[in-house]
Amino acid sequence: MQSELMHLSDVSLAYHTVAGETTAIHHLNLTVYEGEFLAIVGPSGCGKTTVLSLIMGLLSPTAGSVRFAKENLRLGYMLQRDHLLDHRTVEKNVLLGLEVQHRLTEESRARAMNLLDTYGLGEFKSFRPQQLSGGMRQKVALIRTLALEPDLLLLDEPFSALDYQTRLNLSDEVYRIIRKEHKSAILVTHDISEAVSMADRVAVFSARPAQLKKLIDIGFPAELSPLERRRQPAFHDYFDRIWKELQP
Ligand code: ADP
Ligand code: MG
């Protein structure tokens, strides 16, 4: 039996604007288990980012609750935009989060530099972000997050600004890094293939207000990389199942 890391219990959320009320999330129940890779797929505007904002505590649920298995669970983010600072080197960008949180020590610095070396960015430490490709920048952003030793990674469409080839390669690398570092992750995406190629489970959301339509276990072994998964015959079966669930 896997242990729970986080649980959304009957969560609803409505946005209030001058134009009126928009219900973004409707009675959502969802558990994330320790060490798992959960993908959330749903149509654009259905409420996926809202779910992550609720988990981050940027929004409070209108009803229901967000519960974590331990206090001070550390969250890490990887977003569509990398938010790297152009006036800082790669190294200084990676150390930024540690600085801001007053956690920069010899040890945490060494760990961060080790992540850069391990994942092929060691020789770019003194580069500026604008000297890197989009895919490399996203990797730097991931390493900056990992340097903070998060318990749970929240990935909000982290590949969607990249060209297709980069996207495939980077998702493969990011998958490998997340597995190797034994992180739990939630990947939000509108790309069914991306979800099936990376996740242990896929939560399919309805159009807004987001409701959980289906939870689908992806039966690939964790050792299979996203690119390898895409070549499996079962890949297309999972794709079709999710695609059908997404039909209105
Ligand atoms: P997704 O990430 O699935 O594309 P979002 O969670 O960003 O969707 O948004 C869900 C719905 O809530 C959308 O209809 C969006 O217009 C609305 N929404 C998102 N943020 C706000 C906000 N700050 N104020 C009002 N409405 C919002
Ligand atoms: Mg979004």
Side-chain angles (χ1 to χ4, degrees), residues 6-32 37-68 75-84 134-135 137-138 141-142 145 150 152-164 166-167 170-171 174-175 178 184-199 201-216 218 238-239 241-248:
M6 192 211 67
H7 181 62
L8 299 176
S9 179
D10 207 18
V11 166
S12 297
L13 183 112
Y15 288 108
H16 297 276
T17 63
V18 280
E21 191 182 279
T22 307
T23 305
I25 310 289
H26 189 66
H27 297 291
L28 177 66
N29 286 287
L30 191 63
T31 303
V32 181
F37 201 128
L38 175 76
I40 297 176
V41 291
S44 286
C46 77
K48 302 182 294 299
T49 295
T50 301
V51 170
L52 295 189
S53 299
L54 285 161
I55 295 171
M56 291 184 221
L58 298 174
L59 294 171
S60 299
T62 313
S65 63
V66 181
R67 291 200 306 262
F68 297 105
L75 300 172
Y77 321 110
M78 188 174 180
L79 309 174
Q80 187 175 341
R81 282 203 54 231
D82 56 55
H83 297 283
L84 298 178
R137 291 177 62 121
Q138 280 296 55
L142 176 64
T145 291
L152 176 61
L153 281 167
L154 306 175
L155 315 173
D156 195 354
E157 313 237 11
F159 313 116
S160 54
L162 304 167
D163 63 81
Y164 188 64
T166 305
R167 190 179 179 137
L170 186 68
S171 58
V174 165
Y175 179 88
I178 289 175
S184 314
I186 303 178
L187 168 72
V188 154
T189 180
H190 59 263
D191 183 329
I192 303 174
S193 299
E194 197 168 280
V196 175
S197 73
M198 296 183 85
R201 287 192 304 155
V202 177
V204 184
F205 279 16
S206 67
R208 187 174 60 85
Q211 280 181 288
L212 183 58
K213 274 187 121 176
K214 202 88 175 180
L215 265 171
I216 295 175
I218 306 294
Y238 289 124
F239 183 99
R241 267 176 73 189
I242 294 169
W243 190 78
K244 285 192 185 113
E245 289 296 336
L246 283 170
Q247 297 314 301

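Counting starts at 1 for both ligands and their atoms, following the listed order.
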min-distance protein heavy atom vs atom 8 (O) of ligand 1 -> Gly47 N, 3.2 Å
Using side-chain heavy atoms (C-beta onward) and a distance below 4.5 Å, is Leu155 in contact with Ile178? yes
Flag the pair Ser184 / Leu38 as yes when at least one side-chain heavy-atom distance between them is below 4.5 Å, and no otherwise. no
Which atoms of ligand 1 sit under 4.0 Å from any heavy atom of Thr17? 24 (N), 25 (C)
Please say whether Thr49 places an N or O atom under 3.5 Å from an N or O atom belonging to ligand 1. yes
What is the distance from atom CD1 of Ile242 to atom CD of Gln247, rounded to the nearest 0.5 Å? 12.5 Å
Side chain, backbone, both or neither: which part of Thr50 has a heavy atom under 4.0 Å from ligand 1? both
Do any nitrogen or oxygen atoms of Ala24 come within less than 3.5 Å of a nitrogen or oxygen of ligand 1? no
Please evaluate residues His27 and Gln211 with respect to the criterion side chain to side chain donor-acceptor pair (under 3.5 Å), reporting the C-alpha separation (whole Å), side-chain torsions for both, the decisive distance (0.1 Å), and the verdict. CA-CA 7 Å; His27 297 291; Gln211 280 181 288; over 6 Å; no
Point-to-point distance, once rounded to the nearest 0.5 Å, from CD of Gln138 to CG of Leu162: 6.0 Å
Is there a side-chain contact between Ser160 and Thr189 (heavy atoms, below 4.5 Å)? no
Would you give the length of the straight line joining atom CE of Met198 to atom OG of Ser171, rounded to the nearest 0.5 angstrom? 5.5 Å
Side chain, backbone, both or neither: Arg208 near ligand 1, heavy atoms under 4.0 Å: side chain
Give a yes or no answer on whether the side chain of Thr145 reaches the backbone of Tyr77 with a donor-acceptor pair at less than 3.5 Å. yes
Taking atom 19 (C) of ligand 1 as the reference point, the nearest protein heavy atom with its distance: Tyr15 CE1, 3.4 Å
Looking only at distances, please establish whether an N/O atom of ligand 1 is found under 3.5 Å from an N/O atom of Thr22. no
Who passes ring pair (Phe, Tyr, Trp, His ring centres under 6.0 Å) against Phe205, sequence neighbours left out? none
May I ask you to determine how many protein N/O/S atoms are under 2.8 Å from the Mg ion (ligand 2)? 1
Using every non-hydrogen atom in the two residues, find where Ala14 and His16 come nearest and quote the distance to one decimal. O-CD2, 3.8 Å
Flag side-chain contact, heavy atom, 4.5 Å: Leu187 against Phe37: yes
Nearest neighbour in protein (non-hydrogen) for atom 13 (C) of ligand 1: Gly45 O, 3.4 Å
Any protein heavy atom sitting closer than 4.0 Å to atom 15 (C) of ligand 1? no
Under 4.0 Å from any heavy atom of Ser44, which atoms of ligand 1 are there? 4 (O)
